[in-house]
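Right, one structure below, let's go through it.
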Amino acid sequence: MDHPMRAHGPTAYELVLADYLAGLGLVLIALTIAAGIVPSTLLPGATATGGLLAGFAAAAGLCLIQAGGGIRQNRAALDLGLALLFATGLAWTAWAIVDAGAVPIVTGAALIAAAVPVVVLRRFAVRARFAPRFLSPRQLETMVAVAETMIDGDGREAIHPIDVAIRVDHLLDEGRPEVAGGEIKMVMFIVEWLLPLVIARPMPFTTLGSTSRRRAVEKVIGAGGPFRDVARTLKVLSCVGYYGNPETMRALGYVPFDERERSTDIDQTPIRHPDPFLGEQAGRP
């Protein structure tokens, strides 16, 4: 399965993002240590609150360092670290406003600002890697996770889930997106943010492990209501993207009619039959 790595190798944005996450994580840990050494400067007021904020900053730093070690593999660490970073920055700023401290306000604002490049670089990295045409970068990542869950070939899949998702994206772009495009994007939103709730996992679908994803999908396949339509859409998209790929067709032994030996001597020119109605009209006086 080394083909997907060649076809979808690391992008420049991913390399920059990995270095940025590692550096930012170290800065957050250093900030936590500094907050413990000089709490009167960085965290004025109650010691318990200051220690809690410092702990959140350290946890965010550790998660971001782990995420920097593998942008694609450690998606959960990236999402958790980013969420902790935003939450810590907001809480730090709010506490500083309550306690009227100038330096902590600057520190809190800096934490929030430091999270912005992560979001921007991540978005550019996905666009550079997949070049989506119809789906948004987040929706395309959701489709990759869906394909990985729905196409379970025990490691013997003909094509990678990334190729399935990209083919679905291209087919949607080449079709009539104005007809069902909004509904499909809504399904992607439901899968990413609401589907994990059916198994009590309040986190994005792309962050879940493969077992949890499969449990969530299996739970809604036999369910009624709106989730039944969601499950049907996921099955249709996955099958179209997988079985409609020429490489999959070849792996399954399907040979297009034009390439079959018995079709070489057959005249495939369309047969044109006269319209009987026009003939009757011509024969009338």
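Residues V187 and L234 are in side-chain contact: their nearest non-hydrogen atoms beyond the backbone lie under 4.5 Å apart. Side-chain contact between I159 and I151: absent, with no pair of heavy atoms (C-beta onward) separated by less than 4.5 Å. Contact of the T149 side chain with the S210 side chain is not registered, since no non-hydrogen atoms from C-beta on lie closer than 4.5 Å. Inter-residue side-chain proximity for M143 and S238 is flagged as met; some heavy-atom pair is nearer than 4.5 Å. Looking at heavy atoms from C-beta onward, L78 lies in side-chain contact with V118 at the 4.5 angstrom threshold. At a threshold of 4.5 Å between non-hydrogen side-chain atoms, the residues L237 and M188 count as touching. The side-chain heavy atoms of L31 and L111, taken from C-beta on, include a pair separated by under 4.5 Å. No side-chain heavy atom of I65 sits under 4.5 Å from any side-chain heavy atom of L21.
Under the 3.5 Å distance criterion, the side-chain polar atoms of T32 are matched with a main-chain donor or acceptor of A54. The main-chain N or O of M203 is never found under 3.5 Å from a side-chain atom of T207 such that the two would form a donor-acceptor pair. Judged purely by atom type and a 3.5 angstrom limit, R129 has no side-chain atom pairing as donor or acceptor with the backbone of T11. The closest donor-acceptor contact from the side chain of R201 to the backbone of P196 lies at 3.5 Å or more, if one exists at all. E148 places no side-chain N or O within 3.5 Å of a backbone atom of A145 that could act as its donor or acceptor partner.
The CG atom of L53 sits 11.0 Å away from the OG1 atom of T107 when rounded to the nearest 0.5 Å. The NZ atom of K219 sits 8.5 Å away from atom CD1 of I199, with the distance rounded to the nearest 0.5 Å. A distance of 13.5 Å separates CE in M186 from CG in D229, rounded to the nearest 0.5 Å. In this structure, CD1 on I184 lies 4.5 Å from CG on L172, to the nearest 0.5 angstrom.
Sorted by first then second residue, the side-chain hydrogen bond (donor to acceptor under 3.5 Å, both in side chains) pairs that include residues 55-71, not counting sequence neighbours, number zero.
By the rule that hydrophobic residues join a cluster once side-chain heavy atoms approach within less than 4.5 Å of another member, F56 and V27 end up as members of separate clusters. Under a hydrophobic clustering in which Ile, Leu, Val, Met, Phe, Trp and Tyr are joined whenever their side-chain heavy atoms come within less than 4.5 Å, directly or via other members, L15 and Y20 fall into different clusters.
Judged as a salt bridge (Lys or Arg N to Asp or Glu O under 4.0 Å), and not counting sequence neighbours, D169 has no contacts. F124 is linked by a ring pair (Phe, Tyr, Trp, His ring centres under 6.0 Å) to Y13, counting only residues two or more places apart in sequence or in another chain. Listed by chain and residue number, E192 satisfy the salt bridge (Lys or Arg N to Asp or Glu O under 4.0 Å) test with R138 (two or more places apart in sequence, or in another chain). S212 pairs by the side-chain hydrogen bond (donor to acceptor under 3.5 Å, both in side chains) definition with nothing, not counting sequence neighbours. Contacts of R122 classified as salt bridge (Lys or Arg N to Asp or Glu O under 4.0 Å), with partners at least two apart in sequence or in another chain: E141.
The pair R75-D79 counts as a salt bridge, with a side-chain nitrogen and a carboxylate oxygen less than 4.0 angstrom apart.
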